[in-house]
Amino acid sequence: MSHTILLVQPNQRPETRTYSDYESLNECLEGICKIFEEHLKRLHPHDPSITYDISQLFEFIDQLTDLSCLVFQKAFGTYSPHNKDWLKEKIYHMLRKQAGK
């Protein structure tokens, strides 16, 4: 369990910057998926269920002006920064694990 801070900037406007904190990296990764799912619900408000594949999720991530996280490193007492590519790799592994592959 490593405290994780997610930093999101959807577009070029600085006032769109937000952050969320999570008790673990896994919760943060699930939070990113939830952000995408909420985005899809806004695009398709009348669809009873929403499905997507990982390529759509990664395309959404790539379109964000900034998405990064800070993961607490207990051994050093500091936070390590990570970028979109690192997050996409971690999401990929998390989803594969959830799918049982």
Side-chain angles (χ1 to χ4, degrees):
M1 298 266 291
S2 296
H3 184 255
T4 304
I5 301 169
L6 179 66
L7 307 168
V8 182
Q9 183 176 349
N11 58 50
Q12 294 291 333
R13 296 189 336 263
E15 64 271 15
T16 65
R17 293 178 186 155
T18 60
Y19 77 93
S20 303
D21 68 313
Y22 300 90
E23 291 301 313
S24 69
L25 174 60
N26 229 41
E27 283 182 21
C28 176
L29 300 175
E30 290 174 4
I32 294 168
C33 293
K34 180 111 175 119
I35 290 168
F36 178 58
E37 290 164 7
E38 293 300 322
H39 169 74
L40 290 176
K41 286 178 186 177
R42 285 191 302 277
L43 290 177
H44 309 283
H46 303 294
D47 290 357
S49 64
I50 305 263
T51 58
Y52 62 91
D53 64 37
I54 198 163
S55 66
Q56 293 168 301
L57 172 59
F58 286 177
E59 185 178 315
F60 171 77
I61 289 171
D62 288 336
Q63 289 175 357
L64 297 172
T65 297
D66 187 32
L67 181 73
S68 55
C69 72
L70 302 167
V71 180
F72 187 69
Q73 303 299 312
K74 190 174 183 180
F76 303 106
T78 60
Y79 285 85
S80 296
H82 299 285
N83 63 15
K84 287 181 187 180
D85 290 334
W86 186 88
L87 285 165
K88 290 192 302 188
E89 180 182 335
K90 295 296 181 187
I91 289 169
Y92 174 78
H93 290 294
M94 178 190 74
L95 294 176
R96 263 188 82 155
K97 191 175 183 180
Q98 287 178 355
K101 295 183 179 179

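Just so you know, residue 1 is the first one in the sequence shown, and it goes up from there.
- The side-chain heavy atoms of Met94 and Cys33, taken from C-beta on, include a pair separated by under 4.5 Å.
- Taking the salt bridge (Lys or Arg N to Asp or Glu O under 4.0 Å) definition, one finds that Lys84 meets it with nothing, sequence neighbours left out.
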Side chain to side chain contact (heavy atoms under 4.5 Å, CB included) for Phe60 and Leu40? Distances and angles first, verdict last. CA-CA 10 Å; Phe60 171 77; Leu40 290 176; over 6 Å; no
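- The distance from the CG atom of Leu57 to the CG atom of Leu95 is 7.0 Å, given to the nearest 0.5 Å.
- For residues 19-30, every residue pair satisfying the side-chain hydrogen bond (donor to acceptor under 3.5 Å, both in side chains) rule, not counting sequence neighbours, is listed here: His3-Asp21.
- In this structure, the separation between NZ on Lys90 and CD1 on Ile32 is 12.5 Å, given to the nearest 0.5 Å.
- Closest approach of Phe72 to Tyr79, counting heavy atoms only: N-CD2, 3.5 Å.
- For Thr18, the side chain to side chain donor-acceptor pair (under 3.5 Å) test picks out no residue, with sequence neighbours left out.
- Here Lys88 pairs with Asp62, Asp85 under the salt bridge (Lys or Arg N to Asp or Glu O under 4.0 Å) rule; sequence neighbours left out.
- The OG1 atom of Thr16 sits 4.5 Å away from the CD atom of Gln9 when rounded to the nearest 0.5 Å.
- Proximity of a side-chain donor or acceptor of Thr4 to a complementary backbone N or O of Ser2 within less than 3.5 Å is detected.
- Annotation: the span from Arg17 atom CZ to Asn11 atom CG amounts to 10.5 Å, rounded to 0.5 Å.
- Considering OH of Tyr92 and CG of Leu29, their distance stands at 15.0 Å, rounded to 0.5 Å.
- Linking Ile, Leu, Val, Met, Phe, Trp and Tyr whenever their side-chain heavy atoms come within less than 4.5 Å puts Ile35 and Val71 in one cluster.
- Gln12 meets the side chain to side chain donor-acceptor pair (under 3.5 Å) test with no other residue; sequence neighbours excluded.
- Leu7 and Ile91 are not part of a single hydrophobic cluster, where members link through side-chain heavy atoms under 4.5 Å apart.
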Let me have the donor-acceptor pairs involving side chains of residues 42-52, under 3.5 Å, with sequence neighbours excluded, atom names and distances please.
from  : atom 1 : to    : atom 2 : distance (Å)
Tyr52 : OH     : Glu37 : OE2    : 2.7

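- At least one side-chain heavy atom of Leu67 sits less than 4.5 Å from a side-chain heavy atom of Leu6.
- Hydrophobic clustering, with ILVMFWY side chains joined whenever heavy atoms are under 4.5 angstrom apart, keeps Leu64 apart from Leu70.
- The two residues Leu87 and Cys69 have their closest heavy-atom pair at CD2-SG, 3.6 Å.
- Here Phe36 contributes atom CZ and His39 contributes atom NE2; the two are 6.0 Å apart, rounded to the nearest 0.5 Å.
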